[in-house]
2 protein chains.
Amino acid sequence: MPAESDCTEMLDSETKAVETPEDHAEELRLWLRLLTCTTLIEGEVRGRLRQRFDVTLPRFDLMAQLDKAPDGMTLSDVSKRMMVSNGNVTGLVERLVESGHLDRRTSETDRRVQVIRLTKLGRAEFRRMAAEHETWIADLFADLSPKDVRELMRLLAKTKASAQKSAARRRP
Amino acid sequence: MPAESDCTEMLDSETKAVETPEDHAEELRLWLRLLTCTTLIEGEVRGRLRQRFDVTLPRFDLMAQLDKAPDGMTLSDVSKRMMVSNGNVTGLVERLVESGHLDRRTSETDRRVQVIRLTKLGRAEFRRMAAEHETWIADLFADLSPKDVRELMRLLAKTKASAQKSAARRRP
DNA sequence: CCGAATTGTTTTAAGCCTAAAATGTTTTCC
DNA sequence: GGAAAACATTTTAGGCTTAAAACAATTCGG
């Protein structure tokens, strides 16, 4: 018998583990269900934003980030928060500056940095949309009890942590 | 006092409900967390598919649908299952036929309908990718206990039903 | 101080995605 | 039978998105 083994997960069932790969069908189903829920809700919100305010979801999301930051944010900040690529933000901001919702200026202390803020118009429009948006979300989740909501929050926090850990394992 | 009221939700607190709109911050936070989880995992899967197999996530998803349907599917079927627009599927299929992964033919009984299937190549490549994909998902959810997985499945099923109901309320 | 990394943003090329209009086909129902 | 409605798909126009390369400015280490 070997004195030690790094393979802590398998204990003494090495051969079996190799010959019959684990079944991860449950996790797969969970992932598909998670994706379905998000797609469903996202599509609904997208449609309502368009119908009601003639605005796209990405524009709304970007404005939501800025509404929480009265002193503005850099493009990198926005990109990280929204979890989208840098180039994506560049284009989105371009269009929102064009339409008068955003103000963009180069930082005075670091000329690489662009700081963006909501304009008065942008903030007013966002607040108007956000109020209604909140009722849509409430309605979409209406059949969940407060306890369900708490429990989902807890489990999704755990999920997020697990996924972040897994992602970090791949690119440390 | 009015003899009757349609406003069953409010019972006898009409004025209060109007003056102090409900607080739905918890549902909003839940939605953002749900979105974060999905975006995180989706991004990870997207990156791994690209790096490992040089394939995009939408292509993989479409092939996954077809793998479950040996007799093929119509474009509408695919579009409904994937919850994306018709036009989107048209383009996706075009590229996958071009690359030899899909076979497309007009239905003989209804000339409006296009039936698509995986080719031998398409099926082989998909199976190879799917096997690895499953391990990624397992890893991403690794910190959830079997009980967590079951509980999340249950709560997401409830969420899905609630959202579908809400969507149906808007466009009956 | 100065070259080498690093950081922040934009550009590029390709593909994804949607909503709405257009096209062709089948079904419905007088 | 034939007009009208319904259906499946494609086209169109515009916007979103990414990965990777290019560019610009700052910071770091020697």
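Each chain gets a letter, A, B and so on, in the order the sequences are listed, and its residues count up from 1.
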Sidechain N-carboxylate O distance under 4.0 Å for B:Arg170, A:Asp139 = no
message = Check this for me, if you would: do A:Arg171 and B:Glu44 make a salt bridge, where the nitrogen-to-carboxylate-oxygen distance has to be below 4.0 angstrom?
response =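 Between B:Glu44 and A:Arg171 there is a salt bridge, with a charged N closer than 4.0 Å to a carboxylate O.
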If only atom types and distance count, is the side chain of [X] paired as donor or acceptor with the main-chain N or O of [Y] below 3.5 Å?
{"X": "B:Asp61", "Y": "B:Pro58", "answer": "no"}
{"X": "B:Thr119", "Y": "B:His101", "answer": "yes"}
{"X": "A:Thr135", "Y": "A:Glu132", "answer": "yes"}
{"X": "B:Glu27", "Y": "A:Ile137", "answer": "no"}
{"X": "B:Ser162", "Y": "A:Leu140", "answer": "yes"}
{"X": "A:Gln65", "Y": "A:Val78", "answer": "no"}

Contact residues, residues 31-62 of chain B to DNA chain C [heavy atom, < 4.0 Å] = B:Thr56, B:Pro58, B:Arg59
Within residues 65-102 of chain A, residues whose heavy atoms come under 4.0 Å of DNA chain C =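 Residues of residues 65-102 of chain A that come under 4.0 Å of DNA chain C are, in numerical order, A:Thr74, A:Leu75, A:Ser76, A:Asn86, A:Gly87, A:Thr90.
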ask   = First contact, last contact: which nucleotides of DNA chain D are these for chain B, 5' to 3', heavy-atom distance under 4.0 Å?
value =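 The contacted stretch runs from D:dC7 to D:dA19.
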Would you give me the side-chain donor-acceptor pairs under 3.5 Å for residues 84-95 of chain B, sequence neighbours excluded?
{"from": "B:Ser85", "atom 1": "OG", "to": "B:Asn88", "atom 2": "N", "distance (Å)": "3.3"}
{"from": "B:Asn86", "atom 1": "OD1", "to": "B:Ser79", "atom 2": "OG", "distance (Å)": "2.9"}
{"from": "B:Thr90", "atom 1": "OG1", "to": "B:Asn86", "atom 2": "O", "distance (Å)": "3.4"}

task = Output the distance between atom CZ (A:Arg46) and atom CZ (A:Arg50), rounded to the nearest 0.5 Å.
result =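 Spacing of CZ (A:Arg46) from CZ (A:Arg50) equals 8.5 Å.
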query = Using links of under 4.5 Å between side-chain heavy atoms of ILVMFWY residues, direct or through other members, which residues join B:Val115 in one cluster?
reply =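 Via sub-4.5 Å side-chain contacts, B:Val115 links to B:Val113.
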task = Can you check each nucleotide of nucleotides 23-28 of chain C against protein heavy atoms at under 4.0 Å and return B for base, S for sugar-phosphate only, - for none, in 5' to 3' order?
result = -BBS--
query = Are more than 12 heavy atoms from other residues, nucleotides or ligands located less than 6.0 Å from atom CZ of A:Arg104?
reply = yes
